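Just so it is clear, the values below take in all heavy atoms, side chains as well, and ignore hydrogens, waters and symmetry mates. Every value quoted in this text rests on a predicted model; they were computed, and no experiment measured them.
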Amino acid sequence: MSKFGEKIKLTSYDELLGVNTESEGTKELDINLLREFKNHPFKVLDDERMNELVSSIRERGILSPILVRKRINFYEVISGTEEREAAEIIGLEKVPVIIKELTDDDATIIMVDSNIQREEILPSEKAFAFKMKMDAISHMGKRGDRSREIVGEDNGLGGRQVTRYVKLTNLIAELLDMVDQKKLTITLAVKIADLSEESRRVLNYINQGYSINDVAN
């Protein structure tokens, strides 16, 4: 069995999502009714990880139901975006789901917590995920002033480390891509993120090989 086969088993599914799969009940839904979570910060890549997941689902099926919530004319995927993508690659018409009623903030927190467990998380994914979770905690009015500490505790980080990641969301896309590609360190990226937007654009031009004079002209 592949290491990925072990990951997708999600034996702590009930504990993580607050869902009892037996009492909630699993349903089969048309895959075309499922839509990605709005502003989902985690990338779904066509890579070795996805190939392993496709092979696992082809052999054993989807071992843990996809968690969704009902919208007006579709179902929003809270947990299981990769499984849905893999099922679509295979050509499955229906997938097992658990439908749960969730507020926007509850759905955001569950979405972040379930996806942050992936083996490899890009800095940009952490940055936007942490920001979304902090905002959700603040919106709920529950210890909003401690949102960064709560997010940190949930991810084995200090509040300051969480703040550093969240600052990356202020970067323009080109610089954030450089962080993900390890062409720019997180430490330097955080310093750049503290600058004005115009300053960040100048630095981006310089990194592309232009001189200060080129930028000025």
Side-chain angles (χ1 to χ4, degrees), residues 7-47 49-50 53-54 56-58 60-118 121-122 124-144 147 150-151 154-155 165-166 169 173 176:
K7 284 291 287 182
I8 66 171
K9 190 180 295 184
L10 291 176
T11 53
S12 60
Y13 191 91
D14 289 2
E15 293 178 3
L16 174 65
L17 304 178
V19 172
N20 185 314
T21 54
E22 292 184 3
S23 63
E24 295 281 348
T26 301
K27 298 178 173 56
E28 293 280 327
L29 278 185
D30 187 322
I31 194 170
N32 293 319
L33 292 176
L34 273 55
R35 299 285 185 275
E36 185 175 282
F37 192 90
K38 184 179 179 180
N39 297 324
H40 193 284
F42 299 95
K43 297 177 175 133
V44 178
L45 303 175
D46 185 13
D47 56 8
R49 175 188 175 85
M50 178 56 67
L53 180 55
V54 168
S56 176
I57 292 177
R58 197 189 302 276
R60 292 179 288 275
I62 297 177
L63 301 182
S64 291
I66 297 171
L67 183 67
V68 302
R69 65 171 177 162
K70 180 76 171 68
R71 309 313 282 160
I72 295 176
N73 56 0
F74 65 91
Y75 291 85
E76 186 176 43
V77 176
I78 308 299
S79 175
T81 299
E82 289 185 316
E83 284 76 7
R84 185 211 176 279
E85 181 72 16
E88 191 168 51
I89 291 172
I90 294 170
L92 298 182
E93 295 182 356
K94 293 185 178 295
V95 291
V97 304
I98 288 177
I99 304 169
K100 192 168 178 69
E101 291 186 15
L102 296 165
T103 65
D104 290 345
D105 292 329
D106 284 334
T108 295
I109 291 172
I110 292 174
M111 181 277 295
V112 169
D113 286 349
S114 61
N115 283 280
I116 208 74
Q117 292 192 114
R118 295 181 183 180
I121 303 291
L122 295 172
S124 64
E125 294 175 320
K126 279 188 180 180
F128 284 101
F130 288 171
K131 185 177 188 304
M132 290 178 73
K133 184 171 179 178
M134 284 175 61
D135 289 345
I137 291 172
S138 296
H139 292 161
M140 295 169 74
K142 297 178 179 179
R143 298 175 296 171
S147 60
I150 295 171
V151 171
D154 290 344
N155 292 277
Y165 273 109
V166 172
T169 63
L176 194 52

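When side chains are defined from C-beta on, Met111 counts as touching Pro41, because their heavy atoms get closer than 4.5 Å. Residues Glu28 and Pro96 form a side-chain contact, since some pair of their non-hydrogen atoms from C-beta on lies under 4.5 Å apart.
If you take CG on Leu102 and CD1 on Ile99, they are separated by 11.5 Å, rounding to the nearest 0.5 Å. In this structure, CG in Leu34 is found 12.0 Å from CD in Glu85, a value given to the nearest 0.5 Å. The NZ atom of Lys94 sits 11.0 Å away from atom CD1 of Ile31, with the distance rounded to the nearest 0.5 Å. Annotation: the span from Ile137 atom CD1 to Ile109 atom CD1 amounts to 5.0 Å, rounded to 0.5 Å. Note that OG1 of Thr81 is 3.5 Å distant from NE2 of His40, once rounded to the nearest 0.5 Å.
Scored by the side-chain hydrogen bond (donor to acceptor under 3.5 Å, both in side chains) test, Thr169 finds no partners at all (sequence neighbours excluded). Taking the side chain to side chain contact (heavy atoms under 4.5 Å, CB included) definition, one finds that Ile90 meets it with Val54, Ile57, Arg58, Leu92, sequence neighbours left out. Residues forming a side-chain hydrogen bond (donor to acceptor under 3.5 Å, both in side chains) with Glu88 (at least two apart in sequence, or on another chain): Arg84. Take Glu93 and apply the salt bridge (Lys or Arg N to Asp or Glu O under 4.0 Å) test, not counting sequence neighbours, and it matches no residue.
In terms of heavy atoms, Ser64 sits closest to Ile62 at O-CG2, 3.1 Å.
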Indicate every side-chain donor-acceptor pair of residues 71-78 with a distance under 3.5 Å to a residue at least two apart or in another chain.
| from | atom 1 | to | atom 2 | distance (Å) |
| --- | --- | --- | --- | --- |
| Glu76 | OE1 | Arg69 | NE | 2.7 |
| Glu76 | OE1 | Arg69 | NH2 | 2.9 |
| Glu76 | OE2 | Lys38 | N | 3.1 |

Ignoring hydrogens and angles, write down the donor-acceptor pairs under 3.5 Å from the side chains of residues 128-136, residues two or more places apart or on other chains.
| from | atom 1 | to | atom 2 | distance (Å) |
| --- | --- | --- | --- | --- |
| Lys131 | NZ | Asp135 | OD2 | 3.1 |
| Lys133 | NZ | Asp113 | OD1 | 2.6 |
| Lys133 | NZ | Asp113 | OD2 | 3.3 |
| Lys133 | NZ | Asp154 | OD2 | 2.7 |

Passes side-chain contact (heavy atoms from CB on, under 4.5 Å), Ile89 versus Met50? Steps please. CA-CA 10 Å; Ile89 291 172; Met50 178 56 67; 4.1 Å; yes
Show your reasoning for whether side-chain contact (heavy atoms from CB on, under 4.5 Å) applies to Phe42 and Glu82. CA-CA 10 Å; Phe42 299 95; Glu82 289 185 316; over 6 Å; no
Evaluate the side-chain contact (heavy atoms from CB on, under 4.5 Å) criterion for residues Glu83 and Val95: first the C-alpha distance (whole Å), next the side-chain angles of each, then the deciding distance (0.1 Å), finally the verdict. CA-CA 9 Å; Glu83 284 76 7; Val95 291; over 6 Å; no
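Phe37 pairs in a side-chain contact (heavy atoms from CB on, under 4.5 Å) with only one of the listed residues (Asn115, Thr108, Ile110), which is Thr108.
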